[in-house]
Protein chains: 2
Amino acid sequence: MLRNLMAVTKALSDENRVRIMMFLSEDELCVCQIIELLGLAPSTVSKHLSILKQAELIDSKKKGRWIYYYLPDEGVPEIVTQAIEWLQTSLNKDKQIQGDRKQLKKVQKKSLEELCQAYVNGNREAA
Amino acid sequence: MLRNLMAVTKALSDENRVRIMMFLSEDELCVCQIIELLGLAPSTVSKHLSILKQAELIDSKKKGRWIYYYLPDEGVPEIVTQAIEWLQTSLNKDKQIQGDRKQLKKVQKKSLEELCQAYVNGNREAA
DNA sequence: GCATGACTTCGTTGATTGGCGAAGTATCAA
DNA sequence: TTGATACTTCGCCAATCAACGAAGTCATGC
């Protein structure tokens, strides 16, 4: 139990991972959307997601060529559900999180094909 | 708010600091007692305590030559009280924490003078 | 099959962090 | 006042960690 709790607190001790949790509180998202939202390298985001998943704070499912991450719905230890509720109630009115939500809405308007190729092309064009 | 929350999650991302929180859930303690309980150097314990206090997870008061640390009783942000409740309900039945509580009872039977000189002499004799 | 694209894994690097001892501060006792 | 004690601060070291790019895996579409 202490092991599980430490996995949760360590997972939540990084700001980008907390932001991911709040993004997923709004809706399930595929990795390329999260990459766009955080503005980090794909490998970095993937690492963050694996740490959150290890702590059972998020779950994932494969749909075609995309992998969707989402908050666990049930069958998850109480430690985890309480931690998620704590996050949500604590950060609901936070300025940065509200800004993140606005950006999320913009990102969700783009199609996935447009979005995912965008970050690749974007990097190339920027170089 | 995100700042406060990150301070809390970072503070709780270390196992020794979580153990301190659970010790203080039992009773207020002075630093030398916590040093004895964790088996760490005084400077290390002091650092842990300052990190927890920075996050408002604990408070302190001076009594004579000893400084007592304790869980905050009131006037503390909801983020903090919820985090403490989460810790306590999650770890109440944890094996390691239960062992810690047994050790705490032993330590509490010693007088402070005996205890605090003990760790200094202990270190010297061990060398 | 064979690209292409989405994501993960691996290896490296710079920054953060937990640990310690030594030195500093403050309180108590003689 | 002087020494001892409780705790903190400082400086250092080893270990951990976030970030990245490159290479690997896996599914889709031509």
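Each chain gets a letter, A, B and so on, in the order its sequence line appears, and its residues count up from 1.
Within residues 12-20 of chain A, the residues having any heavy atom under 4.0 Å from DNA chain D are, by residue number, A/D14, A/N16, A/R17.
Distance NZ (B/K61) to C1' (C/dT27): 18 Å, rounded to an integer number of Å. Atom pair A/I34:CD1 and C/dA6:C1' shows a separation of 13 Å (rounding to whole Å applied). Rounded to an integer number of Å, the gap from B/L38 CG to C/dC20 P is 10 Å. Summarising the geometry, the separation between CD1 on A/I35 and P on C/dA6 is reported as 9 Å, rounded to the nearest angstrom. Rounded to an integer number of Å, the gap from B/I51 CD1 to C/dT16 P is 14 Å. For B/W66 and D/dT5, the CH2 to P distance is 11 Å, given to the nearest whole Å. Atom C1' of nucleotide D/dC7 and atom CD1 of B/I67 are separated by 5 Å, given to the nearest angstrom. Atom CG in A/L49 sits about 13 Å away from atom P in D/dA18, given to the nearest Å.
Under the 4.5 Å side-chain criterion, counting only non-hydrogen atoms from C-beta, A/K110 is not in contact with A/Q33. Side-chain contact between B/S25 and B/L71 is present, with at least one heavy-atom pair separated by less than 4.5 Å. Under the 4.5 Å side-chain criterion, counting only non-hydrogen atoms from C-beta, B/D59 is not in contact with B/Y69. Annotation: side chain of A/S60 is in contact with side chain of A/K53 (closest heavy-atom distance under 4.5 Å). Side-chain contact between B/F23 and B/L38: present, with at least one pair of heavy atoms (C-beta onward) separated by less than 4.5 Å. At a threshold of 4.5 Å between non-hydrogen side-chain atoms, the residues A/L104 and A/L29 count as touching.
Checking the phosphate oxygens (OP1, OP2) of D/dC7, no side-chain nitrogen or oxygen of B/Y68 falls inside 4.0 Å. Checking the phosphate oxygens (OP1, OP2) of D/dC20, a side-chain nitrogen or oxygen of A/T44 falls inside 4.0 Å. Phosphate proximity of C/dA6 to A/Y69: absent, as no side-chain N or O sits under 4.0 Å from OP1 or OP2. The phosphate of C/dT17 (OP1 or OP2) has no side-chain N or O of B/H48 nearer than 4.0 angstrom.
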Residues 8-21 of chain A, side-chain donor-acceptor partners within the protein, below 3.5 Å, at least two apart:
residue: A/T9; atom: OG1; partner: A/L5; partner atom: O; Å: 3.3
residue: A/T9; atom: OG1; partner: A/M6; partner atom: O; Å: 3.1
residue: A/T9; atom: OG1; partner: B/L12; partner atom: O; Å: 2.9
residue: A/K10; atom: NZ; partner: B/S13; partner atom: O; Å: 3.3
residue: A/S13; atom: OG; partner: A/K10; partner atom: O; Å: 2.7
residue: A/D14; atom: OD2; partner: A/N16; partner atom: N; Å: 3.0
residue: A/D14; atom: OD2; partner: A/R17; partner atom: N; Å: 3.2
residue: A/N16; atom: OD1; partner: A/R19; partner atom: NH1; Å: 3.3
residue: A/R17; atom: NE; partner: A/A11; partner atom: O; Å: 2.7
residue: A/R17; atom: NH1; partner: A/H48; partner atom: ND1; Å: 3.1
residue: A/R17; atom: NH2; partner: A/K10; partner atom: O; Å: 3.2
residue: A/R19; atom: NE; partner: A/D100; partner atom: OD2; Å: 2.8
residue: A/R19; atom: NH2; partner: A/D100; partner atom: OD1; Å: 3.1

What side-chain donor-acceptor pairs closer than 3.5 Å can you find for residues 78-86 of chain A, not counting sequence neighbours?
residue: A/E78; atom: OE2; partner: A/Q82; partner atom: NE2; Å: 3.3
residue: A/T81; atom: OG1; partner: A/E78; partner atom: O; Å: 3.0
residue: A/Q82; atom: OE1; partner: B/T89; partner atom: OG1; Å: 3.3
residue: A/W86; atom: NE1; partner: B/I79; partner atom: O; Å: 2.9

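Between A/G39 and B/V31, it is B/V31 whose nearest contact on DNA chain D lies nearer the 5' terminus. Nearest-nucleotide positions on DNA chain D place A/K10 closer to the 5' end than the other of A/K10 and A/A41.
Contact record, A/S90 with B/M1: O-CE, 3.1 Å, taken as the closest heavy-atom pair. Closest non-hydrogen pair, A/W66 versus A/C30, comes out as CD1-SG, 3.9 Å.
Rounded to 10°, the angle separating the first-five-pair axis and the last-five-pair axis of the helix from C/dG1-D/dC30 to C/dA30-D/dT1 equals 20°.
By the 6.0 Å contact criterion, NZ on A/K61 is enclosed, its count of non-hydrogen atoms from other residues, nucleotides or ligands being greater than 12.
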Protein proximity profile, nucleotides 22-30 of chain D - base contact B, sugar-phosphate-only contact S, no contact -, cut-off 4.0 Å on heavy atoms:
B---SSSS-

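For A/R101, the side chain to side chain contact (heavy atoms under 4.5 Å, CB included) criterion is met by A/M22, A/E26, A/N92, A/I97, A/Q98, not counting sequence neighbours.
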